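Notes to accompany the following structure.
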Amino acid sequence: MRFPSGPALPLLAAGGLACALVVTAGFTGGGSAPAAAPPARHTPHPSAPATTPGPPASLTQIAAALGCRADVIIDAQELREGGCTTRAGVFRILTFSSDATKRAWLTEAQAYGGSYLVGTRWSVTGPSRSALLPLRDRLGGTVESGAGHGHSP
């Protein structure tokens, strides 16, 4: 079986998060939610310097810092997702209603590998860690990497 890779991964993870939010929301109407294990925490790459997350940035502000105009793909209450392409590659920008929602999405997305610049209620997926560093210099945040499952032929 071949696992998806590249720009489709954040879309798959966002779809999974949207499903999880819908399922979780169904339990708030009087029923009790099943017990769940606490979310796994991913620590930043050891060589990544910690930076102050700063205030939340909008999807438009992040795209402007990248030097592009993002096409919005998902515009929901829990998250907004957009994408754009620069000379450095394809970037996916996500903004979230809360840091808890961001962390839930990021935990799922990192299972597929990739590089993420993570700030307060936002995340940017880029082609590589080095492609995200200039954006980190402009917006702050921390570069994190996903473990990935590997690839099948």
Side-chain angles (χ1 to χ4, degrees), residues 3-26 28 33 36-149:
F3 290 99
S5 63
L9 290 178
L11 294 175
L12 291 172
L17 175 63
C19 290
L21 291 172
V22 169
V23 170
T24 302
T28 61
R41 295 287 184 199
H42 178 80
T43 55
H45 190 277
S47 65
T51 61
T52 306
S58 72
L59 194 135
T60 305
Q61 290 169 326
I62 296 168
L66 279 166
C68 63
R69 183 176 170 269
D71 294 319
V72 176
I73 300 165
I74 297 173
D75 193 357
Q77 184 176 350
E78 299 83 14
L79 65 92
R80 288 189 81 209
E81 179 180 1
C84 64
T85 303
T86 70
R87 283 187 263 180
V90 176
F91 294 87
R92 291 284 176 230
I93 305 162
L94 291 104
T95 58
F96 301 90
S97 59
S98 70
D99 272 321
T101 304
K102 174 196 71 183
R103 186 50 55 187
W105 177 87
L106 194 58
T107 298
E108 293 297 318
Q110 287 177 327
Y112 295 96
S115 297
Y116 306 84
L117 178 61
V118 182
T120 303
R121 296 195 332 238
W122 57 267
S123 178
V124 178
T125 304
S128 66
R129 183 179 193 288
S130 62
L132 292 169
L133 294 177
L135 184 61
R136 184 189 67 189
D137 293 342
R138 289 190 279 280
L139 294 178
T142 304
V143 177
E144 298 186 22
S145 297
H149 293 298

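Sequential numbering from 1 along the given sequence is applied to the chain's residues. All values reported here derive from a predicted model rather than from experimental measurement.
- Atom CD of residue Glu78 and atom OG1 of residue Thr95 lie 11.5 Å apart, to the nearest 0.5 angstrom.
- Ser97 and Gln77 make their closest contact through CB-O, 3.6 Å (heavy atoms, listed as atom of the first residue, atom of the second, distance).
- The line from CD of Glu81 to OG1 of Thr125 is 8.0 Å long, rounded to the nearest 0.5 Å.
- Closest of all the heavy-atom pairs between Ser123 and Leu106 is OG-CD1, 4.1 Å.
- Side-chain contact check for Ser130 and Ser128: at least one donor-acceptor pair (N or O, by modelled atom type) lies under 3.5 Å.
- Side-chain contact between Leu59 and Trp122 is absent, with no heavy-atom pair separated by less than 4.5 Å.
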Quiz: residues 62-74 side-chain donor-acceptor pairs under 3.5 angstrom, not counting sequence neighbours:
none

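- Using a 30° and 60° split on the angle between ring planes, Trp105 and Tyr116 fall in the perpendicular class, above 60°.
- Here the CG-CG distance, from Leu133 to Leu117, works out to 8.5 Å after rounding to the nearest 0.5 Å.
- The shortest non-hydrogen separation linking Arg92 to Gly83 is NH1-CA, 3.0 Å.
- Between Arg136 atom CZ and Thr142 atom OG1 the span is 8.0 Å, to the nearest 0.5 Å.
- The nearest pair of heavy atoms linking Ser115 to Arg129 is OG-N, 3.3 Å.
- Closest approach of Ile93 and Cys84 over heavy atoms only: CD1-SG, 4.4 Å.
- Under a 3.5 Å cut-off, the side chain of Lys102 and the backbone N or O of Leu94 do not form any donor-acceptor pair.
- Counting only heavy atoms from C-beta outward, the side chains of Val118 and Arg103 approach each other to under 4.5 Å.
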